[in-house]
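Note on naming: letters A, B, ... go to the chains in the order of the sequence lines (proteins, then strands), and numbering restarts at 1 for each one. Keep in mind that what you see is a predicted model, and the values were worked out from it rather than measured.
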Number of protein chains: 2
Amino acid sequence: MARRGRVELRRIEDRTSRQVRFSKRRAGLFKKAFELSLLCDAEVALLVFSPAGRLYEYSSSR
Amino acid sequence: MARRGRVELRRIEDRTSRQVRFSKRRAGLFKKAFELSLLCDAEVALLVFSPAGRLYEYSSSR
DNA sequence: ACCTCTATATATAAACA
DNA sequence: TTGTTTATATATAGAGG
C-alpha cells in the first residue's frame, strides 16, 4: 500500500487524481480563507479557475 | 496550561493575539493557494487586507 | 514584530464503500 | 462518480525568547 497523506510538490499528472485533488484542496482553501476573515477580522477575496476553466470565488463581507 | 491547537470559530478579541494569528494564518493560506495552483494546474488569485488595512496578494502565473 | 518549540487540531492521499 | 475511512502529513495555538 502506498503511503498516505504525502504528495510531491509538482503537477499531478493523472487526470482523475488531479481533479479529485482539486476538489478537495479547493474546499480546504476556501475554508481557510473564511476562517482567516472571521478569526482575524480581515477582508479576503479569492478567485480560482479550475483546469477545466470553471470559476470558483469567495469574498468576505462585513 | 491552556489547550494548544484549538480555537473557537469567532473573532479573536485580543488585539495582539489577533495580529499574531493573522500573520501565521495568512502564511498558511498563501502556501495552500500556491500548492493548489501547482499541484492541480489551477489559476488562483488571492487578495487579503489585514485589520490594519495592509494589502497582501498572490496570483499564480503560468 | 518575529523566531522556536511542541502538543494538539486539522487537512488530506489513498483506499474503498 | 460521490462519499467515507483512516493513516499520515501539515498547520497552528500557546508559551517562551
Inter-residue atom distance B/Phe22.CZ - B/Ser17.OG, 0.5 Å rounding: 15.0 Å

Gap between atoms CG and C1', on B/Leu39 and C/dA14 respectively (whole Å): 15 Å

Set of residues satisfying side chain to side chain donor-acceptor pair (under 3.5 Å) with respect to B/Glu8, sequence neighbours excluded: none

Gap between atom CZ of B/Arg25 and atom CG of A/Leu36 - 0.5 Å precision: 7.5 Å

For nucleotides 2-6 of chain C, tabulate all protein N/O to nucleotide N/O atom pairs closer than 3.5 Å, reporting atom names and distance.
unit_1, atom_1, unit_2, atom_2, d
C/dT6, O2, B/Arg4, NH1, 2.8

Least distance between heavy atoms, A/Cys40 atom then B/Pro51 atom: O-CG, 2.9 Å

Between P of D/dT10 and CD of A/Glu8, the distance in whole Å: 12 Å

Between D/dA9 (C1') and B/Glu35 (CD): distance, integer Å: 11 Å

Whole-Å gap separating P (C/dA9) and NZ (A/Lys31): 14 Å

Spacing between B/Leu9 atom CG and D/dT12 atom C1', to the nearest angstrom: 14 Å

Rounded distance (Å) that lies between atom P of C/dT12 and atom CZ of A/Phe30: 13 Å

Whole-Å distance separating the CZ atom of A/Phe22 from the P atom of D/dT2: 14 Å

Options C/dA1, D/dT1, D/dA11, nucleotide nearest the side-chain atoms of B/Gln19: C/dA1

B/Arg25 side chain, from C-beta outward: closest of D/dT12, D/dA11, C/dA11: D/dT12

Sequence-distant partners of B/Ser23, side-chain contact (heavy atoms from CB on, under 4.5 Å), two or more places apart: B/Arg26

Under 3.5 Å: donor-acceptor pair, side chain of B/Arg18, backbone of B/Glu13: yes

Gap between atoms CZ and P, on B/Phe34 and C/dA11 respectively (whole Å): 20 Å

